[in-house]
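Report on one structure; see the data block that follows.
Lettering of chains follows the sequences in order, A, B, ..., and the numbering in each one begins at 1.
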Protein chains: 2
Amino acid sequence: MIGDIAKRTGTKVNTIRFYEDIGLMPEAARTAGGRRTYGDAEVRQLAFIRHARDLGFSTDEIRSLIALSANPDQDCKEAGSLARRHLASVEDRIARLTALRNALADATRDCEGGRIADCRVMEAITMPADLDSGTRV
Amino acid sequence: MIGDIAKRTGTKVNTIRFYEDIGLMPEAARTAGGRRTYGDAEVRQLAFIRHARDLGFSTDEIRSLIALSANPDQDCKEAGSLARRHLASVEDRIARLTALRNALADATRDCEGGRIADCRVMEAITMPADLDSGTRV
DNA sequence: TTACGATCTACAGTCACTGTAGGAGCAAGC
DNA sequence: GCTTGCTCCTACAGTGACTGTAGATCGTAA
């Protein structure tokens, strides 16, 4: 039943139905009464989708990964290049988030009992280095 | 003009108008002909908004940060706690992205010339450790 | 004066869900 | 057998943060 697979994968029921709608999940088998049932393969697939989404893959990317894994005899190149493209953007995001973490850590430290006027949160976030200067535009 | 501030901050023109609509940017001054004009303060504010969005703050969070910075005499506590809450989630995201980076790096290495059947991309992403076992549900 | 690009408003579309309304299936208790 | 209460069903509207498009207007250079 959909509620069980939802609990086991930490996915909302409506989200699972949505994945079926857009073809990320196969059409579920039904009981006589019309309820969806799922086997281990579906649980694994849903878990894969959730992890991939969680880690920033778009549903289109996930769709192509699933399609690739459905033809295991074909060359791995395509999946590899998908992963490589993603790797670059993941590394970029890590770098930017690390910079933010430092800024936020500084900011919360500086903010202890201070006043906004002395607070670095905004400056830390803005980092105005990449702004052109100029007057009214 | 809106096109200039768009270029200087790397923001799309429609996005700037959208920020004005939802009150993230103040209502812009207009020329006689009705075109929006901006000063340095607006450029800085837009740059701040873009950085904050880029780094994962919601428009609501940004709105409250702007409101706080508009009353610099009030205590910094609120901005600090906002930053602290964000810090925790940023650190979590860094940890998860780092795990993904390693998985993707492994995956792309293992994939060189291999076949999907031997490929770790899916497994690396799925990490099925957090799945209950069971049959049909 | 005409052509062209930038800007204007207003609104529809996108992505990935999330929530809700109204009805049906189904096991447990009376 | 009937009610209660839960889960499930379909269908569709709403959300957040934009993005794109249509049709009109402004401003300037040829």
Q: Go along nucleotides 14-21 of chain D 5' to 3' and tag each nucleotide: B for a protein heavy atom under 4.0 Å from its base, S when only backbone or sugar atoms are that close, - otherwise.
A: ---BBSBB

Using whole Å, report how far [atom1] of [X] lies from [atom2] of [N].
X	N	atom1	atom2	value
B:I2	C:dT9	CD1	P	9 Å
A:I16	C:dT18	CD1	C1'	13 Å
A:Y38	D:dT7	OH	C1'	13 Å
A:D21	C:dC17	CG	C1'	12 Å
A:M25	C:dA16	CE	P	17 Å

Q. To the nearest 0.5 Å, how far apart are OG1 in A:T59 and CG in A:L24?
A.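 One gets 5.5 Å once the value is rounded to the nearest 0.5 Å.
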
Q) Out of curiosity, B:Q45 CD to B:T9 OG1, how far, rounded to the nearest 0.5 Å? A)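 Separation between the atoms: 12.0 Å.
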
Q: For side chain to side chain contact (heavy atoms under 4.5 Å, CB included), just list the numbers for B:F57 and B:I49, CA-CA rounded to whole Å, side-chain angles, deciding distance to a tenth of an Å, and then say yes or no.
A: CA-CA 9 Å; B:F57 287 86; B:I49 293 169; over 6 Å; no

Q. Hey, is A:D60 close enough to A:R63 for a salt bridge, meaning N to O under 4.0 Å?
A.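 Counted as a salt bridge, because a side-chain N and a carboxylate O are separated by less than 4.0 Å.
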
Q.
Salt bridge check, B:E20 against B:R36: does any charged N sit closer than 4.0 Å to a carboxylate O?
A.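 Salt bridge between B:R36 and B:E20, a charged N being under 4.0 Å from a carboxylate O: yes.
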
Extract from the structure each pairing of a protein N or O with an N or O of nucleotides 26-30 of chain D at less than 3.5 Å, listing the distance.
| unit_1 | atom_1 | unit_2 | atom_2 | d |
| --- | --- | --- | --- | --- |
| D:dC26 | O4' | B:R35 | NH2 | 3.2 |
| D:dC26 | O2 | B:R35 | NH2 | 3.1 |

